[in-house]
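Just so we're on the same page: letters track the sequence lines, and every chain starts at 1.
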Amino acid sequence: MIEQVAEPLQQQGFAKVVLELEVNNHPGVMSHICNLFARRAFNVEGILCMPMADASRSRIWLLVFEDQRLEQMVLQVEKLVDVLSVRRHGAEHEVFERLEKFFL
Amino acid sequence: MMQMTGAELIVRLLERQGIRTIAGIPGGAILPLYDALSGSETIRHVLARHEQGAGFIAQGMARVSGRPEVCFASSGPGATNLVTAIADARLDSIPMVAITGQVPLAMIGTDAFQEVDIYGMTVPITKHNFLVRSAAELLEVIPQAFRIAMSGRPGPVLVDVPKDVQNQLVSFEALPEPAVPDPAPSPDLEAIAAAARMIDAAERPVLYLGGGVVHSGASGLAVSLAEQAGLPTTMTLMALGTMPVDHPLSIGMLGMHGARCTNFILEESDLLICVGARFDDRAIGKAAQFCPNAKIIHVDIDPSELHKIRTAHVAINGDVAAVLEALLPQVKPILRKRWLSHVDSLKARFPIAMPGRDDPRTHYGLVHAVAAALDDEAIIATDVGQHQMWVAQAYPFRRSRQWLTSGGLGTMGFGVPAAIGAALAEPERTVVCFTGDGSFKMNIQELATLAEEGLNVKIVLMNNNSLGLVYQQQSLFYGKRVFASRYRGEPDFLKIAEGFGIAAVDLDTAANPRAALAQALQSRGPCLIHASISREEFVYPMVPPGAANTEMIGD
Ligand SMILES: Cc1ncc(C[n+]2csc(CCOP(=O)(O)OP(=O)(O)O)c2C)c(N)n1
Ligand SMILES: [Mg+2]
């Protein structure tokens, strides 16, 4: 009996979620975050990052599908030392909607 | 005002952190740090022969002491050689701080000589990592590295320090305080009360202990819980020793090479109390069929472990010791006569068969003979393969931190350097490393380190002249198509030991192997103990890859 390849995870039909992360602002932070998603083949649909008023911190907005692994993803993101907080918003959050005109 | 170079600052901070031994290998990009280290009066440097060896020496020290230990490597190949030891520490949650030299800041990104992006490479295998950009940053980064390595779920941290940062002068008012671990999250008292009620109400509960019990120093509390609530107790590979094997409530190790009775008892349980364990696939087999009728209580310091593989009915995020302390007064003392007598009858019916256990020339017999010649003060390390599983099954572990093995990553080559580290941390103990001929050759150069340090490490080589575990899998699951798992050449390990200046004993030719073994174990200093093992000896019982734990083959 040898392990079988698992059924591919369902990719479509999930609602979208917007994650708002507050992070330390230094050159390695993005790679820590992107690595977590890439490793788990969890596609990030949209990503936006700007320094906050206090330039030692940045805010990152992520647009992702709410698939069954999202809970675990969020827990993993929260574990990163440079991630100070994670908040979850519905897809109706305007941050990505307002940007859409730049992607037409 | 104090003024010193970045390198001197690192050494001062390490001294203040209580570091007394550092394993490593120098090279161009870390020479300023080595120069500063040479001036330290409290830190001893142990020169490894390969950076992977240095990483595992640091791990061996940390696995025994429970606190973060340090290794050094130069840039480029020095740093990449550390990678396996770092990944291994990550998967077994071992606190470690690896410090690497890097090319000067201005040369980063130019493909300079011996430049690799070790920061980028170690993102997924460290708990956290740093690329230091000024000597002043070290004031914060070094204490942070230790704080992160030892807080919550322990793990490895890498600090990459460019050569010019090591040489840069930095002025500051005062040295920072040594790091201490962050306080653990305060456990949810309601969840603890709910857990206590579930334990009281259960009819067939089982306690499932993992490496977190070791890290948290909670083995005494775990045994108290088992005794108070009448809980048969199983341990993962990482938790062996947390409950003495001969404790009446112990049902031994679970999983791929656990006893049949252990996996059967788990199958029947109606409540699984998982403490500091993570439902690893080697432990639980097919996840959906593991303890199919059990409710689950899961205690872990790492919130991302809760509900990861199996959804818990009660999940408690907290330090295992603190949670058990809060739980104990709430759990009713129960004898559970019916369940425990059923457990005893399963233990009697389906134990691990240990053929040859009285003959020191067999695999189980050798493990027993080593145990019989030692007391519980000895430390037992292993490499990875069949020999590792035989020791896990047969050695009578009775205390936490008695047992050092590469569990999560399963790294061949772990054993010898980890045993060296253990002996450096606790030189008064006898340290035994059970190794296989394949694994031994993966860090055999550390025999030079061992001879130089003259440590009390006994290497028991179970020699089947093959990659035994691979040979076993091919024989059982690949239609006996044995390929690339038998060696054609056979080195003379006794001469190799001799060449490194290490005494060697051959049990194959000894007139009285038991006496020869006991004598080798009792005399101080390093020694290689060689024993041939038949290639046709397999590890049984075994859960085939991908099967449920109850579908074991062999007995
Ligand atoms: C670094 C590394 N490479 C490959 C493996 C895969 N592997 C697991 S066990 C094993 C054979 C180990 O041989 P040996 O050390 O002689 O132990 P034995 O099984 O013969 O007791 C191999 C190749 C591994 N675990 N680690
Ligand atoms: Mg072998």
Side-chain angles (χ1 to χ4, degrees), chain A residues 1-10 17 19 21-44 47 49 51 54-58 60 62 64 66-88, chain B residues 105 108-109 117-133 137 140-141 144-145 147-149 151-153 155 157-158 160 182 281 285-288 300-309 311 315 317 473-474 476-479 542-548 551-553:
Chain A
M1 196 180 317
I2 300 298
E3 295 98 323
Q4 301 298 319
V5 175
E7 293 290 314
L9 282 166
Q10 188 189 334
V17 185
L19 300 178
L21 279 55
E22 203 176 305
V23 304
N24 290 325
N25 181 8
H26 71 79
V29 179
M30 284 297 256
S31 90
H32 278 101
I33 293 168
C34 293
N35 226 292
L36 272 188
F37 285 88
R39 171 80 176 91
R40 292 168 177 77
F42 199 117
N43 201 36
V44 177
I47 185 164
C49 176
D54 157 18
S56 72
R57 296 187 174 180
S58 303
I60 298 179
L62 299 174
V64 295
E66 188 175 23
D67 81 16
Q68 57 270 50
R69 301 168 300 163
L70 184 65
E71 290 299 328
Q72 176 63 206
M73 258 339 297
V74 170
L75 288 169
Q76 294 291 346
V77 173
E78 283 174 337
K79 257 171 45 169
L80 293 175
V81 171
D82 284 318
V83 173
L84 308 167
S85 70
V86 181
R87 284 174 61 196
R88 214 188 276 205
Chain B
L105 277 174
I108 289 183
D117 177 11
I118 196 65
Y119 176 85
M121 278 186 210
T122 54
V123 165
I125 56 165
T126 50
K127 194 170 169 194
H128 192 59
N129 58 6
F130 297 93
L131 172 53
V132 183
R133 287 168 204 280
E137 270 182 36
E140 241 187 76
V141 166
Q144 288 271 30
R147 181 185 63 76
I148 293 164
S151 296
R153 180 179 185 170
V157 176
L158 178 124
D160 196 26
D182 294 336
D281 51 289
K286 212 176 200 167
D300 207 290
I301 187 81
D302 178 353
S304 71
E305 287 302 340
L306 304 171
H307 313 297
K308 182 181 84 176
I309 305 286
T311 306
N317 176 221
Q473 297 238 9
Q474 291 174 337
L476 296 175
F477 309 117
Y478 290 84
M542 176 176 196
V543 178
E551 300 165 347
M552 300 191 89
I553 54 173

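Minimum heavy-atom separation, B/Ser304 to A/Gln76: OG-NE2, 3.5 Å.
In this view, A/Asp82 satisfies the salt bridge (Lys or Arg N to Asp or Glu O under 4.0 Å) rule with no residue, not counting sequence neighbours. With sequence neighbours left out, B/Asp117 forms a side chain to side chain contact (heavy atoms under 4.5 Å, CB included) with B/Tyr119.
Atom CG of residue B/Leu306 and atom CD of residue A/Glu71 lie 12.5 Å apart, to the nearest 0.5 angstrom. For the atom pair CZ of B/Arg133 and NE2 of A/His26, the computed distance is 9.0 Å after rounding to the nearest 0.5 Å.
More than 12 heavy atoms of other shown residues, nucleotides or ligands fall within 6.0 angstrom of atom CZ in A/Arg88. For CD of B/Glu140, the number of neighbouring non-hydrogen atoms (other residues, nucleotides, ligands) closer than 6.0 Å is 12 at most.
Comparing B/Gln144, B/Lys127, B/His307, B/His128 by how many heavy-atom pairs each has under 4.5 Å with chain A, the most go to B/His128.
Both the backbone and the side chain of B/Asn129 come within contact range of chain A, judged by heavy atoms closer than 4.5 Å.
With a 4.5 Å cut-off on side-chain heavy atoms, A/Leu75 and B/Glu305 do not count as touching.
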